[in-house]
Amino acid sequence: QVQLVESGGGLVQPGGSLRLSCAASGSIFTIYAMGWYRQTPGKQRERVATLISGGSPNYAESVKGRFTISRDNAKNTVFLQMNSLKPEDTAVYYCNSRSGPTRWALTDYWGQGTQVTVSS
């Protein structure tokens, strides 16, 4: 079983920055992708950024140019650098890890969520 531990959320002013981190541990096997999703009350969970192993990062249009996803493979940790934050970025951010023994037996694991609030 994979456990995800998130950190870095908090309250920032518009235009500010935050850096989220998520470390995966447990029976990880191989991580094929990691990413960040966010959700606000009354809305569906939105994919913010994903990073497929061996591939390029992908971003939601709403965060492109402002957010950067990166990964420390040795520590099985994924980061989300958030710059130029806007009030509409306010949400609970969830870390995702897609892993399994083979690429044909992958499972999505989720963190507990961390609150990001952008307000004056």
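In what follows, residues are counted from 1 in the order of the sequence shown.
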Inset, instruction - Kindly work out whether a path of hydrophobic side-chain contacts (I/L/V/M/F/W/Y, heavy atoms less than 4.5 Å apart) joins Leu20 to Val118. - result: yes
Legend entry - Glu88 atom CD, over 12 foreign heavy atoms within 6.0 Å: yes
Legend entry - Point-to-point distance, once rounded to the nearest 0.5 Å, from OG of Ser99 to CD1 of Ile31: 6.0 Å
Legend entry - Heavy-atom closest contact (Lys43 atom, Gln39 atom, distance): O-NE2, 3.2 Å
Legend entry - Pairwise side-chain contact, Thr50 with Tyr37, heavy-atom cut-off 4.5 Å (strictly under): yes
Inset, instruction - Evaluate the side-chain proximity of Pro87 to Pro14: yes if any heavy-atom separation is below 4.5 Å, no if none is. - result: yes
Inset, instruction - Enter the distance from Ser70:OG to Met34:CE here, rounded to the nearest 0.5 Å. - result: 10.5 Å
Legend entry - Student check: side-chain heavy atoms of Cys22 and Thr77 closer than 4.5 Å: no
Inset, instruction - Report yes if some heavy atom in the side chain of Leu51 is under 4.5 Å from a heavy atom in the side chain of Val78; otherwise report no. - result: no
Legend entry - Reported CZ-to-CG distance for the pair Arg66 and Asn83, which is rounded to 0.5 angstrom: 9.0 Å
Legend entry - Lys/Arg cation over aromatic Trp110: Arg45, 6.0 Å, 45° cone: yes
Inset, instruction - Could you grab the distance from atom CZ of Arg103 to atom OG1 of Thr30, nearest 0.5 Å is fine? - result: 12.0 Å
Inset, instruction - Any chance you could pull the hydrophobic cluster mates of Tyr32, using side-chain heavy atoms under 4.5 angstrom and chaining through other members? - result: Leu106
Legend entry - Ala105 versus Pro101, closest heavy-atom pair with distance: O-CD, 3.4 Å
Legend entry - Test side chain to side chain contact (heavy atoms under 4.5 Å, CB included) applied to Glu46 and Ser62, step by step: CA-CA 10 Å; Glu46 173 191 18; Ser62 60; 3.4 Å; yes
Legend entry - Shared hydrophobic cluster for Val63 and Phe79 (ILVMFWY, side-chain gaps under 4.5 Å): no
Legend entry - Side chains of Leu85 and Leu18 in contact at under 4.5 Å (non-hydrogen atoms): yes
Legend entry - Verdict with supporting geometry, Glu6 and Trp36, side chain to side chain contact (heavy atoms under 4.5 Å, CB included): CA-CA 11 Å; Glu6 300 166 315; Trp36 291 93; 3.8 Å; yes
Legend entry - Taking every non-hydrogen atom, the tightest pair across Ala24 and Val2: CB-CG1, 4.2 Å
Legend entry - Leu11 atom CG, neighbour heavy-atom count above 12 within 6.0 Å: yes
Inset, instruction - Evaluate the side-chain proximity of Ser17 to Gln81: yes if any heavy-atom separation is below 4.5 Å, no if none is. - result: yes
Inset, instruction - State plainly whether one hydrophobic cluster holds both Leu80 and Val116, where clusters connect Ile, Leu, Val, Met, Phe, Trp and Tyr through side-chain heavy atoms under 4.5 angstrom apart. - result: yes
Legend entry - Gap between atom OG of Ser21 and atom NZ of Lys75 - 0.5 Å precision: 10.5 Å
Inset, instruction - Could you verify whether a donor N or O on one side chain and an acceptor N or O on the other, from Thr90 and Arg38, lie under 3.5 Å apart? - result: no
Inset, instruction - Measure the OH-CZ distance between Tyr59 and Phe67 for me, rounded to the nearest 0.5 Å. - result: 10.5 Å
Inset, instruction - Side-chain contact test, heavy atoms from C-beta onward, threshold under 4.5 Å: evaluate it for Arg47 versus Asn58 and give yes or no. - result: no
Inset, instruction - Tell me whether Tyr93 is reachable from Val12 by hopping between hydrophobic residues (I, L, V, M, F, W, Y) whose side-chain heavy atoms are closer than 4.5 Å. - result: yes
Inset, instruction - Locate the shortest heavy-atom distance separating Leu4 from Cys95; write the atom from each residue and the value. - result: CD1-O, 3.6 Å
Inset, instruction - Measure the shortest side-chain to side-chain distance between Tyr109 and Gln1 over non-hydrogen atoms and say whether it is less than 4.5 angstrom. - result: yes
